[in-house]
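Please read the structure below before turning to the comments.
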Amino acid sequence: MSDSASASPAGRVPDGPAAPLPARPGPDVRPALVSFLTSELTAEDEPALARSVARLRFHGWCTCSRTCSYLRTAPADRAGNCWIHLEDGDAPLVWLRLDLDHTSFAGMEICAFDLGPAAAARDPRRPAGA
């Protein structure tokens, strides 16, 4: 895991005022992602952040482009400037954007993590490749 006070994948921080989708429970929307994040954060000795994953809500995909893979898990005004990433070797799988209080996540960039076919079936607006 690595952190950065202002780093973001591909040099952009999606803050656009996208219209929010109805909030849905994290485990119900992305069970594989929730399981992965909880496991990895626990392994990185971040138990409080690991516990926060189960409370995340889906607030929609970033709408800056059709291929953007930034998933909002809180209203845009709750997003902080600190990012951490979980990696597999040298490549980040997921960038996590901490909230303003650094107690949970306001969003995440899905880089190389496969959300699986169930995610696409539940959210047809999901960007290709995310």
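Residue indices begin at 1 and follow the sequence shown. Nothing here was measured: the structure is a model prediction, and the numbers come from that model.
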Determine whether a donor-acceptor pair (N or O, by modelled atom type, separation under 3.5 Å) exists between the side chain of [X] and the backbone of [Y].
X      : Y      : value
Thr38  : Val34  : yes
Arg97  : Gly80  : yes
Thr73  : Gly107 : yes
Arg57  : Arg55  : yes
Asp101 : Thr103 : no

Let me confirm one number: the [atom1]-[atom2] distance from [X] to [Y], rounded to the nearest 0.5 Å.
X      : Y      : atom1 : atom2 : value
Ser69  : Trp95  : OG    : CH2   : 12.5 Å
Trp61  : Ile110 : CH2   : CD1   : 5.5 Å
Ser52  : Leu37  : OG    : CG    : 9.0 Å
Leu100 : Arg78  : CG    : CZ    : 4.5 Å
Glu44  : Ser39  : CD    : OG    : 10.0 Å
Ile84  : Glu46  : CD1   : CD    : 6.5 Å

Non-hydrogen side-chain atoms of [X] and [Y] separated by less than 4.5 Å:
X      : Y     : result
Ser104 : Asp99 : yes
Phe36  : Val94 : yes
Met108 : Leu56 : yes
Leu49  : Leu98 : yes

Note to self: If the condition is side chain to side chain donor-acceptor pair (under 3.5 Å), which residues does Asp45 pass it with, not counting sequence neighbours?
What the structure shows: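 Asp45 satisfies side chain to side chain donor-acceptor pair (under 3.5 Å) with no residue once adjacent residues are dropped.
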Specify the closest pair of heavy atoms between [X] and [Y], including all atoms of both residues, with the distance to one decimal.
X     : Y      : answer
Ala79 : Ala106 : CA-CB, 3.4 Å
Leu71 : Phe58  : CD1-CE1, 2.6 Å
Pro75 : His59  : CD-CE1, 3.9 Å

